[in-house]
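Nothing here was measured: the structure is a model prediction, and the numbers come from that model. Values below: all heavy atoms of this structure, side chains included; hydrogens, waters and symmetry mates excluded. Both counts, for ligands and for their atoms, begin at 1 and track the order of listing.
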Amino acid sequence: MRQPRVIMEVGDDGVAVITVSNPPVNALALTIFDGLKEKYAEAMRRDDVKAVVLAGDAGKFSGGFDINVFERVHKTGDASILPETSISVAVNVIEDGKKPTVAALQGLALGGGLELALAAHARIAAPKTLLGLPELTLGVIPGSGGTQRLPRLIGLPKALELMLFSKPITSEEGNDLGLVDAVVPSDELIKASRQWALDIIERRKPWIRSLHRIDKLGSVPEVVDIIKTARQQAKQSFKNVPQHQACLDVIEEGIIHGGYHGILKESSVFKDLIFTDASKGLVHAFFSQRATSKVPNVSDIGLKPRKISKVAIIGGGLMGSGIATALILSNIYVILKEINSEYLLKGIKAIEGNVRSLVSRKKLAKDKAEKALLMVKGTLDYTDFKDVDMVIEAVVEHIPLKQKIFADIEKACPPHCILASNTSTIDLNVVGEKTKSQDRIIGAHFFSPAHVMPLLEVVRTEKTSAQVILDLMNVGKIIKKVPVVVGNCTGFAVNRAFFPYSQSAHLLLHLGVDLFRIDQLISNFGLPLGPFQLQDVAGYGVVVATTEIFRTSFPDRTFQSPLVGLLLKNGRNGKNNGKGYYIFEKGSKPKPDPSVLPIIEESRRTINIMPGGKPISVTDEEIIQMILFPVVNEACRVLDEGVVVRASDLDTASILGMSFPSYRGGIIFWADTIGADIIYKSLQKWSELYGNFFRPSRYLEERATRGIPLSAPATTSPAAKARL
Ligand code: NAD
């Protein structure tokens, strides 16, 4: 791999083009800053250099500061490896340099990359260049003057939107806002930037130091007012993390006391934020997601993914229509098969609805939507299956039906065709039992709604070929999902690890804890929906079916009560009919429904598990732990059995599949911040008090006793060895 470097070429026109080179995205590695200082010093010294153009190599300006450095700071606790660049490079070298700099932007200019460009005296960009300051997604704030210069260039309200929501914009939008001075064709970028730099020298264009501008900031009372409103909104939108409020503090400081003061505060706040749990969790989540594409014996054996141009989907219900939507939006032809024309039409209409709702929410251009809708064709038989590259079966969860379909498609499809099932629970060996094509059988487990949720569990059996796994991972990437390869077991990785989530909530409820208190605490913890509201939204049919499947597979740790049956008898089916634990009315948030309480009382009386007939007394913290430690416990079994390649895959899967808060790093990362020992002892205590449901797993016990983090690799259980 080529070392990061900075190169300089001086033209006859007296313009030095200083280029950052660190493929693939020209990340700003530590040595890049030294290189910049060195080349700038030379450019300032040389008499034949009048001005500088700052550029990025190979069609990209820069993807930003090298995030590996954040990880190193987290691991070592040593912040001294963070370079001081805000004053020493952005202010002293670029902005206050005695010769002007024009930034030539293309591809992307993000984070620290855009911050260097903001310090330049003008910015020229190629079309569709992505510009943004996404630092808050890593738990920090822009650290090289971005919090100060962006509001000065584009005004405070828009700058807040870009920073607080980490929202990128294109160079065209940047041009309208004043962030970019001109958009020019890519092949003219360097020439136009050189000319602009010379124009600054010749006084034909202004020599602007962004940090000194105040014309777009508004009056102090206006600023204070905007920041006050932003603080309240950020409090609602970004719970449990400090970086949004800190970013607002820093911006306010600079506007009230001057840009340079703002820069100083920005640097010191940045250094505090990098050590927060939120930053550690978010950086871990970032690297975990990246690691999912490395799968031993699949991605490292020289295989190339085959092209998948046409996919058949069997079943146009909730999942089939969502999967079809995701595929056509990424230019993959879809054949949708249903049992009759009425259901087929319903499926096609659902796809149209999905696509059109993206248009109405301005997430998709109208012409792209129309083009996508031409990529789907309906059918009622297997004639069109003769040239498909992959089938994804998404019919109801019924074993004989799925087995029959797999036997049929084995005959109808070409021999290279991948035979995938979207089953959420059934063993794939059972699904493919009646075929001779076990090496082509794989699980493609999407989450609902399939065109929105980012996770794709790629479920392999012992017989699935490496090529088929790689192909499905590749399709997942093409349709903008994050594929995580998992093993074949009841519930796979996510549903398996999280089945105790609602189970423990029900157990607590029957021990006398208030259901709305449980939901509120879990939502305060950071999951979008508490366990009871989640059941209302999923529908009780799903709850009954999955409880039954888990009860069959894991009878030793499944809690059962008559509650859901009683709710259904009472005419409640959650969101489906507007009445569950909550009342669902169009246009308003779900409201807790007190009339559900007598039904809960009846269920409590029936199973009568409260010690001494009295509700147990638990703290808020204990409630969160009693809901989530059993999830950690099951996640330990998932690790022990080698269902995932590495512990961090389960972190990614929990964030993307269950919306576990990313700032907590994922389920295993979070558990390790608490400690295996504490989790083990708590579960041990509760299992003595309340039964086997809480019994700690072998893996957890071993890790707790030996003081090893749950995330540490190398599980050696026979099940894990057999699987990998
Ligand atoms: P659904 O009931 O909404 O849709 C199933 C569709 O399959 C129906 O439209 C039905 O007419 C059709 N169908 C049945 N037999 C068929 C056949 N022989 N040929 C063609 N079409 C046929 O069900 P769903 O919620 O979309 O679930 C489908 C699968 O996805 C199940 O295996 C389920 O476990 C899995 N899954 C569901 C979810 C979820 O949240 N609903 C999430 C992940 C996975």
Task: Value rounded to 0.5 Å, distance of NZ in Lys481 from CD in Glu457 - done: 13.5 Å
- [ ] Output yes when Glu410 and Lys434 qualify as a salt bridge under the 4.0 Å nitrogen-oxygen rule, no when they do not.
- [x] no
Task: Where ligand 1 meets Ile314 - atom numbers and elements under 4.0 angstrom, heavy-atom basis - done: 19 (N), 20 (C)
Task: Closest to atom 31 (C) of ligand 1 among Val395, Leu336, Thr423 (heavy-atom distance) - done: Val395
Open item on the list: Taking 4.0 Å as the limit for heavy-atom contacts, which would you say applies to Phe446 with ligand 1: side chain only, backbone only, both, or neither?
Closed with: backbone
Open item on the list: Heavy atoms only, cut-off 4.0 Å: how does Lys402 contact ligand 1, side chain, backbone, both, or neither?
Closed with: side chain
Open item on the list: At less than 4.0 angstrom from any non-hydrogen atom of His445, what atoms of ligand 1 do you find?
Closed with: 43 (C), 44 (C)
- [ ] Determine, for Lys346 against Glu338, whether the closest basic-nitrogen to carboxylate-oxygen distance falls under 4.0 angstrom.
- [x] no
Open item on the list: Quick check on contacts: which atoms of ligand 1 are under 4.0 angstrom from a heavy atom of Ile339?
Closed with: 11 (O), 15 (N), 16 (C), 17 (C), 18 (N), 19 (N), 20 (C), 21 (N), 22 (C)
Open item on the list: Below 3.5 Å, N or O to N or O, backbone or side chain included: is there any such pair between Glu393 and ligand 1?
Closed with: no
TODO: Verify whether one side chain among Ser288 and Asp651 offers a donor that lies under 3.5 Å from an acceptor in the other.
DONE: no
Open item on the list: Cation-pi check for Phe525 against Arg664: NZ or CZ below 6.0 Å from the six-membered ring centre and within 45 degrees of the axis, yes or no?
Closed with: yes
Open item on the list: Check for me whether Lys377 meets the cation-pi criterion with Tyr333, that is, NZ or CZ under 6.0 Å from the six-membered ring centre and within 45 degrees of the ring axis.
Closed with: no
Task: Side-chain donor-acceptor pair present, Thr461, Thr464, cut-off under 3.5 Å - done: yes
TODO: Report the member of Ala394, Ser424, Ser321 with the shortest heavy-atom distance to atom 5 (C) of ligand 1.
DONE: Ala394
Task: Ile405, portion touching ligand 1 at heavy-atom distance under 4.0 Å - done: side chain
Task: Those atoms of ligand 1 less than 4.0 Å from some heavy atom in Lys337 - done: 19 (N), 20 (C), 21 (N)
- [ ] State whether the number of non-hydrogen atoms from other residues, nucleotides or ligands found under 6.0 Å of Phe554 atom CZ is greater than 12.
- [x] yes
Open item on the list: I'd like to know if atom 23 (O) of ligand 1 has any protein heavy atom within a distance of less than 4.0 Å.
Closed with: no
Open item on the list: Quick test: of every protein heavy atom, which one is nearest to atom 30 (O) of ligand 1, and how far off is it to 0.1 Å?
Closed with: Asn422 ND2, 2.9 Å
Open item on the list: Which of the numbered atoms in ligand 1 are under 4.0 angstrom from any heavy atom belonging to Val396?
Closed with: 2 (O), 5 (C)
Open item on the list: Quick test of your reading of the model: are Asp387 and Lys310 salt-bridged, counting only N-O distances below 4.0 Å?
Closed with: yes
Task: Heavy atom of the protein closest to atom 12 (C) of ligand 1 (residue, atom name, distance) - done: Glu338 OE2, 3.2 Å
TODO: Mind telling me whether His506 and Phe532 have parallel, tilted or perpendicular rings, with 30° and 60° as the class edges?
DONE: tilted
Task: Gln289 side chain to Thr652 side chain, donor-acceptor N/O pair below 3.5 angstrom - done: no
- [ ] May I ask you to check whether Met319 has an N/O atom sitting below 3.5 Å from an N/O atom of ligand 1?
- [x] yes
TODO: Would you mind listing which atoms of ligand 1 come within a distance below 4.0 Å of any non-hydrogen atom of Leu401?
DONE: 15 (N)
Open item on the list: Is it the case that atom NZ in Lys239 sees more than 12 heavy atoms from other parts of the structure closer than 6.0 Å?
Closed with: yes
- [ ] Examine Leu318 against ligand 1 and note whether any of their N/O atoms are separated by less than 3.5 Å.
- [x] yes
Open item on the list: Tell me the protein heavy atom at minimum distance from atom 4 (O) of ligand 1, and give that distance in Å.
Closed with: Gly317 CA, 3.3 Å
TODO: Report yes if some N/O of Glu397 lies less than 3.5 Å from some N/O of ligand 1; otherwise report no.
DONE: yes
Task: Nearest-neighbour protein heavy atom for atom 40 (O) of ligand 1, which is reported as residue plus atom name and distance - done: Ser448 CB, 3.4 Å
Task: Ile426 contact mode with ligand 1 (heavy-atom cut-off under 4.0 Å) - done: neither
TODO: State, without any angle test, whether Asp519 and Tyr582 hold a side-chain donor-acceptor pair at a distance under 3.5 Å.
DONE: yes
